[in-house]
Amino acid sequence: MAGMGSDVLDILEVEKGRNSPQLITKEQLLSDKKKPKIVKETVKKPQGMNREVWGLLWNDDRDKPPLIPSDTSQGYQQMKAKLGRRRVRPWKWMPFANPSRTDGAIFYHWRRIADEGKEYPFSRFNKKVEIPTFTEAEYQQHLNEEGWTKAETDQLFELCRRHDLRFLVIHDRYDHARFPKRSIEDLKERYYGVCNLLAQGRSTAGYETKVFDAEHERRRKEQLLKLYNRTQEQIEEEQMLVEELRKIEQRKKEREKKTQDLQKLISAADTSMDARRTERKSFGKKRTQFTALDKTPGALEGSGIRFAEFKAAGVTLRSQRMKLPANVGTKRTKAIESLLEELNIDTQPMPTDDICQHFNDLRSDMVLLYELKIALNTCEFELQTQRHRYEQLAPGMSIEVPVPTPTSAPIFDEPCGSESSDSPRRARRISEIIDVQDTPGERKRKASLNQSNILKKLKGK
């Protein structure tokens with residue numbers, strides 16, 4: 001095999017040298033040994049280095065980063081100088097003076113000959129505040145004030161003119177040895193007061209009166225100083241008070257909302273009772289009155305039950321009018337069923353037109369009674385909470401709250417099957433039949449209130 005390879009190389013006139021590739025023999029082709037893979041050396045990214053930075057420093061070709069920045073935007077083209085054909089403008093070393101300086105200093109710089117004699121261009125950035133001046137007669141006529149002399153006022157205006165109304169610097173440079181000690185607010189008040197008096201005496205047109213409240217500025221700085229000097233305990237106390245205020249406002253909003261809901265329930269109950277009285281008076285026109293009651297805006301809003309109305313064309317079952325809506329809820333449904341069972345009323349009566357209307361009105365009143373009882377329990381609990389809170393704040397004193405006695409609530413007799421052998425026959429009110437279950441929040445509040453009552457009794461012993 002090796003000889004045949006040599007013959008092929010001789011035919012192709014390929015010279016044999018040290019760098020010539022080695023020929024593959026028969027034994028190498030038939031052997032089971034695999035050719036070893038060349039493992040490239042890899043360098044791990046140092047921990048903590050970003051991937052983008054490591055990609056710039058080390059890539060697959062292992063090119064070293066350039067030490068000198070290079071610009072390859074021009075390619076291999078040779079840079080050419082861009083020279084204009086106009087004559088070069090001559091420059092000259094010449095003196096100049098700054099008009100904003102008052103000492104007449106002369107400086108030198110390079111400048112074009114064409115600009116010789118022009119004003120220094122940067123002098124326009126020198127802005128000065130116009131400080132008014134006054135004469136002796138004007139001071140005696142308009143500016144004379146108790147506690148201030150003309151010499152002290154002249155020094156104040158000179159410092160304002162020199163330091164451009166920087167009152168912190170003016171207060172620092174003020175001659176407190178010759179004149180009384182003044183605060184920054186006193187200096188500002190005197191300066192703006194003199195400016196306003198001069199403008200009024202000279203009748204300056206278009207002058208805007210400068211208003212400065214020195215007392216307000218003093219109080220503001222005092223408040224800032226107190227705010228800055230607060231201790232950590234005072235900061236925590238303020239945060240606690242802010243949180244308590246937020247809770248009080250939240251409870252106030254909840255109380256107002258409950259009051260509005262209760263007012264809606266009472267209004268709905270009054271409206272329903274008026275409707276029942278009107279119905280008894282004119283029983284012959286009951287259908288017209290019920291239609292007018294349904295069209296009354298807000299008649300049963302937020303209370304009762306709104307049953308579905310089938311006004312579409314087609315055949316419908318009249319019993320569908322007695323179906324409770326989905327928004328009634330499980331608790332209200334159970335309360336209605338228990339009350340109907342207590343009153344021995346069938347839950348699915350014969351669906352005639354009159355029975356459907358009266359049965360729906362009855363269940364709507366039941367739901368209204370259920371909501372009124374919930375509101376009554378909530379008000380009684382809040383009243384009891386406020387009474388206990390008052391007793392805690394004022395020991396030894398109590399408030400007697402009169403309990404209203406219901407007079408117009410309908411009374412129903414107990415069924416015969418519910419009587420015991422040794423108990424007399426007792427009349428029950430309709431509000432006692434409905435059982436209002438407390439919510440988890442109300443149960444927790446009642447438990448905490450009972451616990452506080454027990455602790456108060458133990459302390460009294």
Side-chain angles (χ1 to χ4, degrees), residues 258-310 318-380 404-415 427-438:
K258 290 180 181 178
T259 305
Q260 293 176 0
D261 296 340
L262 182 60
Q263 191 66 31
K264 286 182 179 180
L265 290 174
I266 295 173
S267 301
D270 295 340
T271 306
S272 179
M273 292 298 295
D274 294 341
R276 296 296 181 272
R277 294 193 188 98
T278 307
E279 180 185 2
R280 293 191 189 96
K281 290 180 180 179
S282 56
F283 184 77
K285 301 179 181 180
K286 58 184 177 181
R287 189 169 302 175
T288 307
Q289 290 177 356
F290 280 124
T291 306
L293 180 63
D294 291 337
K295 292 182 180 180
T296 303
L300 295 176
E301 183 179 0
S303 63
I305 305 175
R306 288 189 176 274
F307 292 91
E309 296 181 1
F310 298 91
R318 192 181 290 125
S319 59
Q320 293 293 324
R321 295 169 53 186
M322 297 190 302
K323 186 177 180 181
L324 289 174
N327 58 353
V328 174
T330 307
K331 293 183 179 180
R332 296 179 180 178
T333 305
K334 289 183 178 179
I336 292 173
E337 292 177 355
S338 63
L339 187 55
L340 291 175
E341 183 179 355
E342 187 74 22
L343 299 176
N344 295 327
I345 298 177
D346 189 7
T347 56
Q348 296 291 337
M350 179 66 67
T352 62
D353 193 9
D354 294 340
I355 290 178
C356 288
Q357 184 66 41
H358 289 292
F359 189 63
N360 291 343
D361 293 340
L362 175 62
R363 290 185 295 177
S364 180
D365 292 342
M366 289 178 180
V367 172
L368 178 60
L369 178 62
Y370 177 80
E371 293 176 353
L372 288 172
K373 191 170 184 180
I374 290 178
L376 177 61
N377 291 344
T378 304
C379 293
E380 290 178 351
T405 56
T407 56
S408 61
I411 300 175
F412 296 91
D413 292 338
E414 287 281 352
R428 294 178 61 190
R429 298 186 182 277
I430 190 173
S431 60
E432 298 177 0
I433 300 175
I434 300 178
D435 184 18
V436 180
Q437 299 180 357
D438 295 333

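Just so we're clear, the structure is a prediction, and the values are computed from it rather than from any experiment.
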| query | Residues in side-chain contact (heavy atoms from CB on, under 4.5 Å) with Leu372, at least two apart? | reply |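 With neighbours one apart ignored, the set is Leu265, Ala269, Leu368.
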
| said: Restricting to side-chain contact (heavy atoms from CB on, under 4.5 Å), what partner residues turn up for Ile355, sequence neighbours left out? | reply: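 Listed in chain order: Pro349, Met350, Thr352.
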
| query | Nearest 0.5 Å, what's the CG-CD1 distance between Asp365 and Ile336? | reply |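 So the gap between those two atoms works out to 10.5 Å.
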
| message | To the nearest 0.5 Å, what is the distance between CG on Leu339 and CD1 on Ile345? | response |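 Taking CG in Leu339 and CD1 in Ile345, the distance rounds to 7.5 Å.
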
| query | Can Asp346 and Phe359 be said to form a side chain to side chain contact (heavy atoms under 4.5 Å, CB included), step by step? | reply | CA-CA 10 Å; Asp346 189 7; Phe359 189 63; over 6 Å; no

| query | side chain to side chain contact (heavy atoms under 4.5 Å, CB included) between Leu343 and Met366: does it pass, once the steps are laid out? | reply | CA-CA 12 Å; Leu343 299 176; Met366 289 178 180; 4.2 Å; yes

| said: Taking Ile374's backbone N and O only, do any of them form a donor-acceptor pair with Thr378's side chain (distance below 3.5 Å, no angle check)? | reply: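 Present.
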
